[in-house]
2 protein chains.
Amino acid sequence: MSQKKISSTEENYLKAVYSLSEKISENSYVSTNSIADEMQTKAASVTDMVKRLAEKTMLTYVPYKGVRLSGLGKKIATDLIRKHRLWEVFLVEKLGFTWAEVHPIAEQLEHIKSDELVHRLDAFLEYPEYDPHGDPIPDKEGKFRAKPEILLSDLKISEAGIIVGVKMHSPQFLEYLDSKKLVLGTKVEITEIIEFDQSMIVKLENESSFNVSSKICKNLYIQMA
Amino acid sequence: MSQKKISSTEENYLKAVYSLSEKISENSYVSTNSIADEMQTKAASVTDMVKRLAEKTMLTYVPYKGVRLSGLGKKIATDLIRKHRLWEVFLVEKLGFTWAEVHPIAEQLEHIKSDELVHRLDAFLEYPEYDPHGDPIPDKEGKFRAKPEILLSDLKISEAGIIVGVKMHSPQFLEYLDSKKLVLGTKVEITEIIEFDQSMIVKLENESSFNVSSKICKNLYIQMA
DNA sequence: AAAAATATTTAGACTAGTCTAAATATTAAT
DNA sequence: ATTAATATTTAGACTAGTCTAAATATTTTT
């Protein structure tokens, strides 16, 4: 049932295309250049690779237009995302890594091939719905649960909510959040919005209050209380 | 501190050489052909690869004689064995795999690169000393604990002991052992030795008695009671 | 609608890893 | 000590994946 033979490199291209597809409208094409950017490689390499992946029916490739994932391609990509996020939960919940550290390790672990392993890992972790960054973990069929939509920057004065995810995943950003105790589950209330730079004064449950930059507000997902 | 850049393929060659070195006398060479056998590849490919590994000072290569691991090569090989065995413990103890299933998955997991991961996994598993097949897990420095030496076939009539390891690792063999309840920790006593085929009548703690073939006796490690 | 700027593909070369077939070296046998 | 058998290496080709530089297509600007 699972895929015939696919290299980690091919998997990574499919993952990149999937992620780029999410950012554009439903039936438009993902461009060669955007893939090259995402993969930190050159456009010429991308052209070669997408031809191979098209050959394997994982995506459709229209020269000078771009690519679109096929059902098979989407399945492989969401399987990877599922594995990546399950491993991240494992690394944080069981091994005590911080959310800032897990990405590069999960990036390797996601390529381990064993359906049984994924299934057992999922059970061991008690079927988690979200990874340590608040991103939903797709099920075996590649279906995603609702993902957080509201950003802290969308809140108005006196509104409150709970931090449920991060949009940006850079370790620096995550470490900064840790230092400010702006972690998942934290309840925040907006007490003031500074107009000229769009920063916010945020009050935590422990009554401490401080200024949060616009950049940070735009990268924190909130569940309204 | 840890190695610069090494591919999984190179790692597998070093592991093969290490394993073959164990089977021969201290300062003799591992032959090209034996490596080709172990790796399921051709001698010509081995020649190419050992030249590369010699270039990287992971082993010394003498044309027409064979190879010998350097200190660096040994370190990389024992690190791999350490990781392989730790992952096997994880798969059996935490995920509930059988000892017959874990090898091919650990074979992939052992190539994940993160010293911190190994360290935390080791702690999570509470610093196991042996893997699910009774093989000792080397420490960070590559030092091995004593490995089981006595085989069931070495026992005399009326002698007893506990199964502490297996010499052969084929899934078929391991599944057969499971079916006969000849698992690690099982206490066995020799009640009879059949001379003409070197098979043994073995009594378990539950008083059940049955014939165990010579082939099996030669592949079970025993801790004498 | 032509010119300029930008995006994409092709051509050709490179590396790691593999193979087969031929050449050469070593070991065993007479 | 030659010959025969076996082990090993070399030569040359192939695949996957990458790159640079040149060619071509598309889009934007005027």
Side-chain angles (χ1 to χ4, degrees), chain A residues 3-17 20-21 23-25 27-69 73 76 80 107-108 111 113, chain B residues 3-17 20-21 23-25 27-69 73 76 80 107-108 111 113:
Chain A
Q3 56 269 17
K4 309 222 163 208
K5 211 162 259 185
I6 180 166
S7 70
S8 295
T9 309
E10 290 172 325
E11 287 184 333
N12 285 337
Y13 271 91
L14 293 174
K15 199 162 53 110
V17 174
L20 292 166
S21 306
K23 292 170 191 160
I24 59 176
S25 69
N27 54 1
S28 65
Y29 290 89
V30 175
S31 77
T32 303
N33 253 11
S34 64
I35 299 171
D37 270 16
E38 181 88 6
M39 302 279 303
Q40 317 248 62
T41 184
K42 297 300 152 72
S45 309
V46 174
T47 302
D48 287 350
M49 180 55 93
V50 298
K51 280 180 185 167
R52 279 194 288 273
L53 294 174
E55 199 62 41
K56 297 187 179 186
T57 76
M58 290 163 183
L59 48 74
T60 55
Y61 165 55
V62 183
Y64 292 103
K65 279 235 120 56
V67 302
R68 225 160 12 183
L69 288 185
I76 295 170
L80 278 172
E107 202 77 358
Q108 299 177 65
H111 297 293
K113 279 162 187 66
Chain B
Q3 56 270 18
K4 310 225 163 203
K5 212 163 258 182
I6 180 166
S7 71
S8 295
T9 308
E10 290 171 325
E11 286 184 335
N12 285 336
Y13 271 91
L14 293 174
K15 199 162 53 111
V17 174
L20 292 165
S21 305
K23 292 169 189 159
I24 60 177
S25 67
N27 53 2
S28 65
Y29 291 89
V30 175
S31 76
T32 304
N33 254 10
S34 64
I35 298 171
D37 270 17
E38 181 90 5
M39 301 281 302
Q40 317 246 63
T41 185
K42 297 299 153 69
S45 310
V46 175
T47 301
D48 286 351
M49 180 55 92
V50 297
K51 280 180 186 169
R52 279 193 288 273
L53 294 174
E55 199 63 41
K56 297 186 179 187
T57 76
M58 290 164 184
L59 48 75
T60 55
Y61 165 55
V62 183
Y64 293 103
K65 280 234 118 58
V67 302
R68 227 159 12 182
L69 287 185
I76 295 170
L80 278 171
E107 202 77 358
Q108 298 178 65
H111 297 294
K113 279 161 187 66

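Chain letters run A, B, ... following the sequence lines, proteins first and then strands; every chain starts at 1. Note: hydrogens, waters and symmetry copies are ignored here, and every other heavy atom, side chains too, is used.
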Determine the minimum heavy-atom distance between [X] and [Y], stating which atoms define it.
| X | Y | answer |
| --- | --- | --- |
| A:Lys15 | A:Glu107 | NZ-OE2, 3.1 Å |
| A:Leu69 | A:Leu59 | CA-CB, 3.9 Å |
| B:Ser21 | B:Val30 | OG-CG2, 3.5 Å |
| B:His111 | B:Leu80 | ND1-CD2, 3.9 Å |
| A:Ala36 | A:Ala43 | CB-N, 3.7 Å |
| A:Ala54 | A:Tyr61 | CB-CB, 4.0 Å |

Rounded interatomic separation in angstrom, taking [atom1] from [X] and [atom2] from [N]:
| X | N | atom1 | atom2 | value |
| --- | --- | --- | --- | --- |
| A:Asn33 | D:dT26 | CG | P | 15 Å |
| A:Asp37 | C:dT6 | CG | P | 15 Å |
| A:Tyr61 | C:dT9 | OH | C1' | 6 Å |
| B:Tyr29 | C:dT27 | OH | P | 13 Å |
| B:Lys5 | C:dA16 | NZ | C1' | 14 Å |
| A:Ile6 | D:dT15 | CD1 | P | 20 Å |
| B:Asn12 | C:dG17 | CG | C1' | 13 Å |

How would you list all residue pairs meeting side chain to side chain donor-acceptor pair (under 3.5 Å) that involve residues 28-37 of chain A, not counting sequence neighbours? A:Ser25-A:Ser28, A:Tyr29-A:Arg68, A:Ser31-A:Ser34

Within less than 4.0 Å of OP1 or OP2 of C:dT9, is there a side-chain N or O belonging to A:Thr32? yes

Any B:Ser7 side-chain N or O less than 4.0 Å from OP1/OP2 of C:dG17: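 For C:dG17, OP1 or OP2 has a side-chain N or O of B:Ser7 closer than 4.0 Å.
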
Which of residues 48-57 of chain B sit near DNA chain D, with a heavy atom under 4.0 Å from it? B:Lys51

Distances under 3.5 Å between nitrogen or oxygen atoms of protein and nucleotides 20-23 of chain D:
from   : atom 1 : to      : atom 2 : distance (Å)
D:dT20 : OP2    : A:Lys42 : NZ     : 3.2

Sequence neighbours excluded, which residues qualify as side-chain contact (heavy atoms from CB on, under 4.5 Å) partners of B:Ser7? B:Thr9, B:Glu10

Considering only side-chain heavy atoms of A:Thr41, which listed nucleotide, D:dC19, C:dC19, C:dT9, is closest?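 Of the candidates, D:dC19 comes closest.
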
So which nucleotide from C:dG17, C:dT9, D:dT18 ends up closest to the side chain of A:Pro63? C:dT9

Report for the helix from C:dA1-D:dT30 to C:dT30-D:dA1: angle between first-end and last-end helix axes, five pairs each, rounded to 10 degrees. 10°

Distance col, row B:Met49:CE vs B:Asn12:CG, nearest 0.5 angstrom, shows 9.0 Å

I need the single residue from A:Leu53, A:Leu20, A:Val17, A:Leu14 that forms a side chain to side chain contact (heavy atoms under 4.5 Å, CB included) with A:Val67. Which is it? A:Val17

Per the salt bridge (Lys or Arg N to Asp or Glu O under 4.0 Å) rule, what does the pair list look like for residues 38-50 of chain B, sequence neighbours excluded?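 As it turns out, there is no salt bridge (Lys or Arg N to Asp or Glu O under 4.0 Å) pair with a partner in residues 38-50 of chain B once direct neighbours are skipped.
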
A:Ile6 vs A:Met58, test: side-chain contact (heavy atoms from CB on, under 4.5 Å). Steps then yes/no. CA-CA 10 Å; A:Ile6 180 166; A:Met58 290 163 183; 3.8 Å; yes

DNA chain D: 5'-proximal contact among B:Lys65 and A:Gln40 (nearest heavy atom):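 Per heavy-atom nearest nucleotide, the more 5' residue is B:Lys65.
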
